[in-house]
**Q** 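Quick one: structure below, then a few questions.
Atoms within each ligand, like the ligands themselves, are counted from 1 in listed order. For this chain, numbers begin at 1 and follow the sequence in order.
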Amino acid sequence: MNIVVVGAQWGDEGKGKLIDILSKDSDITVRYQGGNNAGHTVVVGKQVYVFHLIPSAILHKGKTCVIGNGAVIDPKALLDEIAGLKKRKIEVTSRKLKISGLAHVVMPYHRILDGLRESKRKNKIGTTGRGIGPCYADKVTRCGIRMVDLLNPRILKEKLEDNLREKNEIFSKVYGQHDFAFGDIYKEYLGYGQQLKAYVCDAALFLNREIDRKQSVLFEGAQGTFLDIDFGTYPFVTSSNSIVGGASSGTGVPPTKIDKVIACVKAYTTRVGEGPFPSEFADRLKDEIRNKGQEFGATTGRPRRCGWFDAVLVRYSVILNGISELAVMKLDVLDDLPKLKICTAYRHRGKIYKDFPMDFEVLNRAEPIYEELDGWQTATNGIRKFQALPPNARRYVDRVEELVGARIKYISIGSKRDEIIVR
Ligand code: GDP
């Protein structure tokens, strides 16, 4: 069975935990988009692991992890992540980790450009400043450097010279910044190539051949549906396709080989950085839920904005991702609330929107229409059976299921591996 896990909201839905659980039953886990701007937190016993590029399945013995062509790789960050895992006695051999030679490489000028571009924008996108956006931009403008290029000194030299010629002009003439010296970057990146060489392969061939011999693959999405470059709340989005479609283009595994899509949703809504957020809480509740849910970015530590569950948003997500099953995460964070709201539609200038609007202004000014439900005000994290949940918690889950039009199979009620209800 080949399964894709995506986030159905703005990322940070708790995919890391679900992937950690599901990857135990998969032979291979593959990352298909994004870079080290993403982060998954996995709690195993007393140990907390934060992953940025490597699939968390690396924690499981005998499993293979792949970074697909759709991801972008900052080699320094990747090497740090590998070193961090090795230090904690996690094995990272070339049998356990494979990297697509076609994945694009984040260069120093991408990181700098990220910050400079953001500083010139009137509406800040809220980039993490790790060079991911500019790296994808170079991929599309066909001047990017790929992992396989780091293994070929001649090609790397040619491409880097070409890039620096153009980039240095932009840096000096547009931003009044210093030039990048060819020699240092060339040496640094050739070095990264040598250190990562053993992991680099044709990942598309590897994955397809493994699937042909009945190995199961778990595709791990980073970020979430509404950060997707096409379908997200553009321009406050990431630079890749985080919806299920990205799993094919980002790995070379055709859609016909994908059996199932599971989406993670938080029992409420959060988003990091700027951009429209119709069901955002007023300040008091924002702090309460942020602290209870530990809503601070795994990669950046940035506090997340919090709000009520938005069924309009998730309904669209169900359609875009062809979701077979939903996992509702962090239900326990709502345990104390006396009343809960679910956003069922938006209102703008007297018009009701039941479908997610394309027009940025509508979305930005949309007033949420809420349905109110009673809270359960009981701790849920010890519960392992759906029937044992307080009736109001079951009602909440059932109502979400009804409103979004997809079956809820998993309900997570705590950060630990076993704090989950499988229906
Ligand atoms: P991801 O990128 O979608 O995996 O999300 P993050 O890793 O940024 O955020 C998930 C955080 O929520 C992690 O710290 C998890 O340990 C935690 N978490 C996951 N599921 C639950 C849950 O059901 N309840 C609570 N309280 N925390 C959870």
**Q** Restricting to pairs with a member in residues 272-281, which pass salt bridge (charged side-chain N to carboxylate O under 4.0 Å, His left out), not counting sequence neighbours?
**A** Glu280-Lys286, Glu280-Arg305
**Q** Please state which part of Ile413 comes within less than 4.0 Å of ligand 1, counting heavy atoms only: side chain, backbone, both or neither.
**A** backbone
**Q** Do the side chains of Asp332 and Lys416 get close enough for a salt bridge, i.e. N-O under 4.0 angstrom?
**A**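 Lys416 and Asp332: not salt-bridged.
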**Q** So, is the end of the Arg88 side chain (NZ or CZ) under 6.0 Å from the ring centre of Tyr49 and within 45° of the ring's axis?
**A**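 Judged by the rule, Arg88 and Tyr49 form a cation-pi pair.
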**Q** Any idea which of Lys17, Lys330, Arg417 brings a heavy atom closest to atom 18 (N) of ligand 1?
**A** Lys330
**Q** Are any of the side-chain nitrogens in Asp12 or Lys266 under 4.0 Å away from the carboxylate oxygens of its partner?
**A**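 No, Asp12 and Lys266 are not salt-bridged.
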**Q** For ligand 1, which atoms have a heavy atom of Lys15 less than 4.0 angstrom away?
**A** 1 (P), 3 (O), 4 (O)
**Q** Knowing that exactly one of Thr269, Val272, Thr238 qualifies, which makes a side-chain contact (heavy atoms from CB on, under 4.5 Å) with Trp10?
**A**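 For Trp10, the side-chain contact (heavy atoms from CB on, under 4.5 Å) test succeeds with only one of Thr269, Val272, Thr238, which is Thr269.
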**Q** So for Glu13, does at least one of its heavy atoms come nearer than 4.0 angstrom to any atom of ligand 1?
**A** yes
**Q** Going by the side chain to side chain donor-acceptor pair (under 3.5 Å) test, which pairs reach into residues 60-76, not counting sequence neighbours?
**A** Asp20-His60, Ser23-His60, Asp74-Arg111, Lys76-Asp80
**Q** Under 4.0 Å, heavy-atom basis, I'd like to know which part of Arg304 is in contact with ligand 1: side chain, backbone, both or neither.
**A** side chain
**Q** Has ligand 1 got any nitrogen or oxygen that is less than 3.5 angstrom from a nitrogen or oxygen of Val333?
**A** no
**Q** At a non-hydrogen distance cut-off of under 4.0 Å, which region of Asp332 contacts ligand 1 (side chain, backbone, both, or neither)?
**A**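 The answer is the side chain of Asp332.
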**Q** Any atom of ligand 1 sitting under 4.0 Å from a heavy atom of Gly414?
**A** yes
**Q** Please list, in number order, the atoms of ligand 1 under 4.0 Å from a heavy atom of Ser412.
**A** 20 (N), 21 (C), 22 (C), 23 (O)
**Q** List ligand 1 atoms under 4.0 Å from Gly16, heavy atoms only on the residue side.
**A** 1 (P), 4 (O)
**Q** One thing to verify: whether Glu288 and Arg284 come together as a salt bridge, which I'm taking to mean a side-chain N less than 4.0 angstrom from a carboxylate O.
**A** yes
